[in-house]
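As structure tokens, the structure follows; a few thoughts come after it.
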Amino acid sequence: MIIMVEKNSLFFDEQRAKQCFEQNRENLDDVNGFETLLQNSLFWNVYDKKGYIGSIFVYQSDEDNRFYLGGFARRKSHSQCVEAIKKVTALFDEVYADTRHLNAVICLKKAGFEWLDRKKRLLVCRRK
């Protein structure tokens with residue numbers, strides 16, 4: 001079981017999220033920085049009984065107006081990541097993910113995502 005803490009909660013640990021973000025920045029292909037991501041997305045920290053797992057976020061793209069899911073987490077936490085992805089995607093009719101990482105693809109597919117375009121590394125989850 002996981003607990004998700006939204007960025008506007010008094011219990012949100014921004015420092016912990018930023019630290020983990022910086023450790024994974026290259027893997028996220030980030031160009032805007034943590035503060036921009038935090039300000040312009042729905043953002044949650046994810047915990048289990050062992051503590052902080054990572055963070056998950058959804059932002060709306062300026063280019064195509066679609067909602068995109070992203071995140072970062074400690075190693076060996078696939079089941080918790082899948083659970084968090086399912087909880088977040090349940091809030092939307094359609095969510096996209098763009099990733100080049102096999103571990104992320106495995107989690108996304110277990111959470112209900114399907115390939116939309118493999119060459120473009122684009123997956124989609126439709127909850128209609």
Side-chain angles (χ1 to χ4, degrees):
M1 183 177 104
I2 61 167
I3 296 170
M4 296 177 58
V5 179
E6 203 267 334
K7 70 179 180 183
N8 295 323
S9 169
L10 295 174
F11 300 104
F12 183 75
D13 187 346
E14 184 175 334
Q15 184 178 1
R16 188 77 181 258
K18 183 175 183 175
Q19 179 183 24
C20 194
F21 171 87
E22 293 299 338
Q23 290 171 347
N24 290 282
R25 189 173 191 157
E26 185 178 321
N27 290 331
L28 294 166
D29 299 323
D30 176 72
V31 294
N32 296 316
F34 178 76
E35 286 76 16
T36 301
L37 176 64
L38 189 62
Q39 182 179 8
N40 296 305
S41 68
L42 299 172
F43 197 104
W44 298 266
N45 283 348
V46 182
Y47 299 85
D48 68 1
K49 63 184 177 186
K50 296 179 183 175
Y52 177 77
I53 293 170
S55 299
I56 188 168
F57 53 87
V58 175
Y59 64 92
Q60 191 167 14
S61 170
D62 292 333
E63 293 177 22
D64 58 16
N65 214 30
R66 294 175 173 170
F67 291 102
Y68 283 86
L69 178 126
F72 43 90
R74 70 176 189 233
R75 296 181 49 78
K76 299 183 180 182
S77 58
H78 278 260
S79 63
Q80 295 94 329
C81 291
V82 170
E83 187 178 348
I85 293 167
K86 286 180 178 179
K87 285 184 178 201
V88 171
T89 57
L91 302 173
F92 299 88
D93 290 334
E94 190 172 75
V95 181
Y96 294 83
D98 176 5
T99 185
R100 59 185 166 86
H101 301 284
L102 179 59
N103 287 337
V105 170
I106 292 167
C107 282
L108 291 165
K109 291 192 63 82
K110 285 183 179 181
F113 278 77
E114 298 176 352
W115 282 110
L116 185 65
D117 188 330
R118 281 183 187 239
K119 288 185 181 182
K120 292 182 180 178
R121 312 171 316 208
L122 188 62
L123 296 101
V124 64
C125 180
R126 294 186 174 108
R127 305 257 186 227
K128 294 181 181 176

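Basis for what follows: all heavy atoms, side chains included, without hydrogens, waters or symmetry-related copies.
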How many angstroms lie between [atom1] in [X] and [atom2] in [Y], if you round to the nearest 0.5 Å?
X	Y	atom1	atom2	result
Asn24	His101	CG	NE2	9.0 Å
Leu69	Asp98	CG	CG	11.5 Å
Arg66	Tyr96	CZ	OH	4.0 Å
Arg126	Thr89	CZ	OG1	13.0 Å
Lys109	Ile85	NZ	CD1	12.5 Å
Asn27	Arg100	CG	CZ	6.0 Å

Is the count of non-hydrogen atoms from other residues, nucleotides or ligands lying under 6.0 Å from [X] atom [atom1] greater than 12?
X	atom1	answer
Lys110	NZ	no
Ile106	CD1	yes
Asp62	CG	no

Do [X] and [Y] come close enough that some side-chain heavy atom pair is under 4.5 Å?
X	Y	result
Phe72	Gln23	no
Val105	Phe113	no
Ile56	Met4	yes
Phe67	Leu91	no
Glu35	Lys18	yes
Trp44	Ile2	no
Asp13	Tyr47	yes
Phe43	Ser55	yes

Search all heavy atoms of [X] against all heavy atoms of [Y] and return the closest pair with its distance.
X	Y	answer
Arg74	Ser77	O-OG, 2.7 Å
Asp48	Gln80	OD2-NE2, 2.8 Å
Asn32	Thr36	O-OG1, 3.3 Å
Ala84	Val46	CB-CG2, 4.0 Å
Phe34	Glu14	CE2-CG, 3.8 Å
Asn8	Glu6	N-OE1, 2.8 Å

### Task
On the 0 to 90° scale, with breaks at 30° and 60°, tag the Tyr59-Tyr68 ring pair as parallel, tilted or perpendicular.
parallel
Mind checking whether [X] and [Y] sit in one hydrophobic cluster, side chains of I, L, V, M, F, W, Y counted as touching below 4.5 Å?
X	Y	value
Phe11	Ile3	yes
Val95	Leu28	no
Met1	Val88	no
Ile53	Phe21	no
Phe92	Leu123	yes

#### Entry: Glu114 side chain vs Val124 backbone, donor-acceptor pair below 3.5 Å
no
### Task
Indicate yes or no: does Arg25 engage Glu22 in a salt bridge with an N to O separation below 4.0 Å.
yes
### Task
Apply side chain to side chain contact (heavy atoms under 4.5 Å, CB included) to the pair Asn103 and His78, showing each step before the final yes or no.
CA-CA 8 Å; Asn103 287 337; His78 278 260; 4.0 Å; yes
